[in-house]
Amino acid sequence: MDRSQEPDFRGVAESVVVESGASARGSVAPDGRTRDVLPATVLTEVCAPWVVLTVGSVHLGRAVGSTGWGLATAAGLGIVPQAAITWRVRRKALSDHHVTRREDRPLVIVGIAGSVATLLAAQRWGDAPDELQRMTRAALVALGVAGAATLRIKVSFHTAVLSGAVAVLARELSPRYWRLLALVPTVAWARVRISHHTPAETALGAVIGVACGSLAGAGHR
């Protein structure tokens with residue numbers, strides 16, 4: 001057989017390797033270049049709202065001498081809502097665990113609001129520390145504001161929750177926590193990088209979070 005007519009198995013193999021590597025690292029742009037989205041994806045998961053709320057609640061609870069209520073607050077704000085979302089994803093009622101489709105969000109927000117409201121009632125009934133009650137109240141207000149805004153624009157809950165948690169810790173414990181706001185632009189970049197949000201959506205989320213975290217419940221000390 002003429003060598004010029006031999007199948008180019010080497011070329012096919014190289015093509016498969018390149019395509020497999022592209023899938024592992026991220027999506028492929030229209031011009032054929034691979035976009036490395038792994039760092040953005042990891043950051044999105046590490047700073048997911050339920051993670052931030054869980055860590056923030058436990059930290060605040062320990063700081064005010066009530067680890068038990070800190071864990072209960074973490075469950076009501078972060079763990080239980082995320083477990084419900086994951087369950088619905090597995091039943092194919094939601095597209096993914098970050099609820100990236102805006103049309104899916106209103107019902108999810110209502111469900112989360114129910115969990116947070118139940119937690120707040122339990123905190124009041126059980127005489128939980130005021131700091132944790134204010135944190136829960138701030139979360140409920142922020143959820144309402146972000147939920148209303150989501151009817152028009154897909155607000156980033158990643159930036160809203162992170163900036164809100166920072167504001168709550170700064171208000172309740174020490175102004176030094178404001179330094180953690182430096183994380184918000186990085187998380188915003190990650191959300192935009194993986195095409196889940198626009199810069200405007202991440203900025204709006206950050207504004208809502210800081211405002212609600214700073215002001216909600218501030219007058220109930």
Side-chain angles (χ1 to χ4, degrees), residues 22-31 33-56 77-79 81-86 88-89 92-113 115-116 138-169 178-216:
S23 297
R25 293 191 299 273
S27 58
V28 178
D31 61 1
R33 293 179 302 176
T34 300
R35 295 178 299 187
D36 187 357
V37 297
L38 181 58
T41 300
V42 171
L43 191 58
T44 285
E45 298 301 332
V46 171
C47 295
W50 78 273
V51 175
V52 172
L53 288 169
T54 298
V55 173
L77 293 184
I79 298 173
Q82 189 59 38
I85 290 172
T86 301
R88 294 196 66 200
V89 170
K92 301 188 183 304
L94 294 173
S95 59
D96 62 278
H97 65 288
H98 289 304
V99 196
T100 53
R101 296 188 348 144
R102 186 167 67 89
E103 54 269 33
D104 291 339
R105 292 192 167 197
L107 186 59
V108 172
I109 291 171
V110 170
I112 296 175
S115 175
V116 177
L140 190 58
V141 171
L143 191 61
V145 174
T150 297
L151 296 176
R152 299 292 299 274
I153 181 173
K154 195 177 79 171
V155 177
S156 171
F157 276 78
H158 275 71
T159 56
V161 170
L162 179 57
S163 59
V166 170
V168 167
L169 294 176
W178 285 117
R179 300 173 184 173
L180 294 177
L181 281 181
L183 295 173
V184 175
T186 306
V187 173
W189 164 82
R191 300 300 287 158
V192 173
R193 180 64 170 150
I194 62 177
S195 301
H196 283 187
H197 285 289
T198 65
E201 291 166 348
T202 59
L204 180 57
V207 170
I208 291 174
V210 168
C212 294
S214 299
L215 302 176

I'd like to check Leu77 versus Thr54 (side-chain heavy atoms, cut-off strictly below 4.5 Å). Are they in contact?
no

NE2 on His97 to OG1 on Thr86, rounded to 0.5 Å:
7.5 Å

Is the shortest side-chain heavy-atom distance between Ile112 and Trp50 below 4.5 Å?
no

Rounded at 0.5 Å granularity, tell me how far OG in Ser95 sits from CZ in Arg101.
5.5 Å

Per the side-chain contact (heavy atoms from CB on, under 4.5 Å) rule, which among Leu43, Val187, Val52, Thr202 passes with His158?
Val187

Locate the shortest heavy-atom distance separating Pro81 from Ser115; write the atom from each residue and the value.
CG-OG, 3.8 Å

Heavy-atom nearest pair, Ala206 first then Val184, reads CB-CG1, 3.9 Å

Look up atom CG in Leu162 and atom CG in Leu180, then write down how far apart they are to the nearest 0.5 Å.
8.0 Å

In Asp104, Leu107, Val99, the residue satisfying side-chain contact (heavy atoms from CB on, under 4.5 Å) with Arg88 is Leu107

What's the shortest heavy-atom distance between Gly213 and Ala138, and which atoms?
CA-CB, 4.3 Å

Shortest non-hydrogen contact from Pro185 toward Ala182
CD-O, 3.3 Å

Using distance only, find each side-chain donor-acceptor pair of residues 140-155 under 3.5 Å and give its atom names and separation, not counting sequence neighbours.
residue: Thr150; atom: OG1; partner: Ala146; partner atom: O; Å: 2.7
residue: Lys154; atom: NZ; partner: Thr100; partner atom: O; Å: 2.8
residue: Lys154; atom: NZ; partner: His196; partner atom: O; Å: 2.7

Tell me the closest heavy-atom pair linking Ile109 and Phe157, and the distance in Å.
CD1-CZ, 3.8 Å

Between atom CZ of Arg191 and atom NE2 of His98, what is the distance when rounded to the nearest 0.5 Å?
5.5 Å

N/O donor-acceptor pair under 3.5 Å between Ser163 side chain and Ala160 backbone
yes

Hey, are the side chains of Leu181 and Val210 touching, using non-hydrogen atoms and a 4.5 Å cut-off?
yes

